Amino acid sequence: MKNKRFICLLLVMTLLVLPVTSFAATFTKTKTTDVSLLQNGDFDIAYSDADYSRNGISSYAISNYASASEYLYNALKNVEDNIDVSAYNIPVEEFSDFFCKVVNDNPDLFFVSSSISYSYYPSTGATASVTPCYSMTADEISSANVIFNNGVQKALSCVDSSMTDLQKALVIHDYICDNAVYKENGYITHSAYGFFYNGEVVCAGYTLAYAYLLNQLGIDTAHISSNAMNHAWNAVCIDGKWYQCDVTWDDINASNGSEPINVLGNFEHVNFMKSNDYFASLNGSYHYGGTTYDSISLNNTDYDSYFWDKVMSKIIVKDGYYYYMQPVSSGSYLMKRDVNGNETRFSNSSFSAAKLTLTSEPTDSRGVSSTLMLDDYLYRLDYLDNRFYVTSGYSKVSSVSNNGRVQTITPSSTSYIRGMSVVDNEIVIQDYNSIDSIVVYDKYEYFSNYMSKINNNTYNNYPDIDNDGYVNAKDYALIKKQKA
């Protein structure tokens, strides 16, 4: 009987102890904070207590970090309201930085706000859960994702498997410059979504859009931000080497009063694939104070002086070759360059164009300003329907066929052509005197006008979509298909 009473007493004591122990293990406290997100306009992204570099993780194994990152990303992508992260033992003092990096590294989380609250276990110091905030409703996010994904696919359609990673990075650089305008217009201009939505972005938007597109192509990137400059740009890994790229500062915009306007087909390449030393110089416009999550070397000088430095229009990459306009004293030539650096003139015709002198006054880390001057010859280049299109004679657009034959395809403009690009399979130009007005060479209209004057025996290859030397019903059918 005594033994039985002892067993019962022990059982009661056990039952009394277990709930207390369980309570201690599940008791949590909550913190609320704002994390530093580029897409929310915050450039202070450097970690103070943790280093989540590819070469070293702070206080837990890299495999745990990788799986925790993927888990949090998927939960945010699914717009979850309360996310249980207790399985990953993330130290509470590092959680806000961890959350920050996951969002900054995934620009498709453009709808995640910087405000979060998270709970943790005081007894272990591990994070239990996080409650994020979203800048859009679930329905708005769903609609925005459609716009984002369609924009991504359109951008990626500009590259193909014949291109090297360097060429892909160049094509995407030019695509963003050709379709973006630097404009502050609400919080989405800091996000990659701002670019795909309407092209209006600030530096963070340029940076995040470029990073996302390159990552989709398997090209590793890191974002660099400078709180001192209120600026952000990219690091890009090509063939195992890291370089810096500032798409924002390569884009050239004009203005109509205070309203910025995108100049079609007009941008620089002086901030494309450069070293730390170059970016810190006047030619690199005095970048300073840049920080990144990643422990990477940015001292490769392979492209600090390269052929694209003086090219201020689109560079076409086709069948592994670069095509671009090269200014000379008597005008400009359409050049062809292979990956080994061998250059030839693709066409023997020289093109003439007006010249602008662009002036800026960058300021270095000491606050000292310098004058930087660049000559912008108004050559614009694009490619459509198996032929190149070049601005020529100051106010005309000419085509260059694959055999180098040159034809004028548009009549003279009233003024110099400032911008030209292919938009939705049609040539679009901007007049120098009215940069905010564009002229679209609509192929339906062009075809009709051409056919009504067919008796003059003047061949014009712009409506000759199939490039067979004749303008006929086949071309009309292809025009309809392009419009669909």
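Computed from a predicted structure; not experimentally measured.
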- Task: May I ask you to decide whether Asp385 forms a salt bridge with Lys443, counting only side-chain N to carboxylate O separations under 4.0 Å?
- Result: yes

inquiry  = Quick check: Tyr383 with Phe388 (ring centres under 6.0 Å apart)?
reply    = yes

Side chain to side chain contact (heavy atoms under 4.5 Å, CB included) filter on Asp375, not counting sequence neighbours, yields Lys355, Thr357, Tyr377

Q) Do the two ring centres, one from His223 and one from Trp233, sit under 6.0 Å apart? A) no

Practice item. Please determine if Lys274 forms a cation-pi arrangement with Tyr278, meaning its NZ or CZ atom is less than 6.0 Å from the six-membered ring centre and no more than 45° off the ring axis. Key: yes

Any side-chain heavy-atom pair from Tyr243 and Phe272 closer than 4.5 angstrom? no

**Asked** Within the side chain of Ser157, is there an N or O that forms a donor-acceptor pair under 3.5 Å with the backbone of Lys154?
**Response** yes

Side-chain H-bond candidate by donor/acceptor type, Gln407 with Asn460, under 3.5 Å:
no

Next on the checklist: Taking the six-membered ring for Trp, are Phe307 and Tyr324 closer than 6.0 Å centroid to centroid?
Outcome noted: yes

Cation-aromatic face contact Lys336/Tyr321, 6.0 Å, 45 degrees: yes

Going by an N to O cut-off under 4.0 Å, is there a salt bridge joining Lys483 and Asp442? yes

(message) Test your reading of the model: is there a side-chain donor-acceptor pair from Asn104 to the backbone of Ser36, 3.5 Å cut-off?
(response) yes

Report all side-chain donor-acceptor pairs from residues 418-425 shorter than 3.5 Å, counting only partners two or more places apart or in another chain.
residue : atom : partner : partner atom : Å
Ser421  : OG   : Asp178  : OD2          : 2.6
Ser421  : OG   : Asp382  : OD2          : 3.2

- Item | Asn348 atom CG: more than 12 heavy-atom contacts under 6.0 Å | no

